[in-house]
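In what follows, every heavy atom counts, from backbone to side chain, and hydrogens, waters and symmetry copies are set aside. The first residue of the sequence shown is numbered 1, and numbering continues consecutively from there. Atoms within a ligand are numbered from 1 in the order they appear, just like the ligands themselves.
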Amino acid sequence: MNPASYIGRFAPSPTGPLHLGSLVAAVASWLDARAAGGQWRVRMEDLDRPRCESGAADIILHQLEAYSLHWDGDVLQQSQRDDAYATALDVLKSRDAVFPCACTRSQLAAAPHNAEGEILYPGTCREGLPAGTTGRAWRCRVPDVSIHFNDRIHGELQQNLACEVGDFVVKRADGLFAYQLAVVVDDAFQNITDIVRGADLLWNTPRQIHLQTLLDLPTPRYAHVPLITNTAGQKLSKQTLAPALPAHARGAVMAQALALLGQTPPVELSGADPAELLAWASANWQIENVPLRPSIANAVP
Ligand code: GLU
């Protein structure tokens with residue numbers, strides 16, 4: 001494949017150090033890019049300032065280096081990109097694709113929720129702000145049609161945004177741009193052709209495709225890798241107290257990440273370091289062997 005025809009990315013939120021679940025997503029996108037002879041970029045999704053932890057971005061970059069996940073070019077920081085998001089929001093406003101919303105969290109608490117546990121926006125402000133209220137957030141109008149997409153791991157999928165999501169926030173009431181808008185603007189800005197990320201974001205994809213269409217941006221290829229859970233079945237995350245990647249036994253941790261992705265290095269590589277394992281895995285990457293279902297992590301060595 002021509003290198004310019006594949007640009008992948010890993011886009012961690014610096015809310016804490018990487019854990020095994022985030023390593024699995026990083027390794028999958030790195031392998032898919034390197035196996036294709038492509039580039040791999042890193043973007044710090046430090047958009048949600050209140051959730052970011054000071055020093056976490058540097059720790060994440062050191063962890064990636066320590067695990068031999070080397071990236072191409074500079075690291076893009078979303079906290080530096082408000083002008084680009086504001087320009088995109090202006091385009092959406094000029095196309096009447098967004099509307100101001102005055103609803104508070106407590107007013108929306110009674111609204112129905114979708115299968116992902118998100119509020120299904122009831123459309124309160126869609127046709128104009130109720131008298132006496134002022135807009136706090138901006139929401140994108142969604143069409144009552146199914147958005148189809150092909151995920152390289154999950155196959156053909158579709159979602160009707162009107163039935164399953166509702167009009168979604170692109171600029172939050174606290175003035176911060178929302179992940180859905182920023183991710184679409186930045187993936188296009190960085191010429192990303194391939195998104196390989198955790199399956200918790202699978203059902204965000206139709207929202208992102210809708211925004212790409214509204215903003216005349218290309219739609220990348222998508223592949224969503226299984227979530228890694230603890231033995232209680234909870235997704236590894238800061239909230240579930242997932243331990244940070246250890247600074248020792250990195251080869252064993254990388255071997256576990258590869259196993260969770262359905263990749264089986266030969267026995268001669270037992271005890272190998274991350275660089276050797278990644279060299280083998282990028283030459284032998286089989287995305288069709290990546291499991292569909294969430295996997296349970298063993299205790300980190
Ligand atoms: N920043 C997101 C996260 O850490 C990932 C966003 C993406 O890959 O689209 O979960």
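With Q190 as reference, R43 is the one residue of R41, R43, R9 to meet the side chain to side chain donor-acceptor pair (under 3.5 Å) rule.
Screening residues 222-240 for side chain to side chain donor-acceptor pair (under 3.5 Å), with sequence neighbours left out, gives E53-K238, D151-H224, R197-H224, D200-K235, T205-H224, Q212-Y222, N230-Q234, S237-Q239, S237-T240.
Within 4.0 Å of ligand 1, counting heavy atoms only, the contacting residues are R9, A11, P12, S13, E45, Y179, V183, R197, L201.
In this structure, L181 is not a member of the same hydrophobic cluster as V169, with clusters built from ILVMFWY side-chain heavy atoms closer than 4.5 Å. L201 and V165 fall within a single hydrophobic cluster, where Ile, Leu, Val, Met, Phe, Trp and Tyr are joined by side-chain heavy atoms under 4.5 Å apart, directly or via other members.
Under the ring pair (Phe, Tyr, Trp, His ring centres under 6.0 Å) criterion, Y121 pairs with no residue at all, not counting sequence neighbours. Not a single ring pair (Phe, Tyr, Trp, His ring centres under 6.0 Å) links F10 to another residue, sequence neighbours left out.
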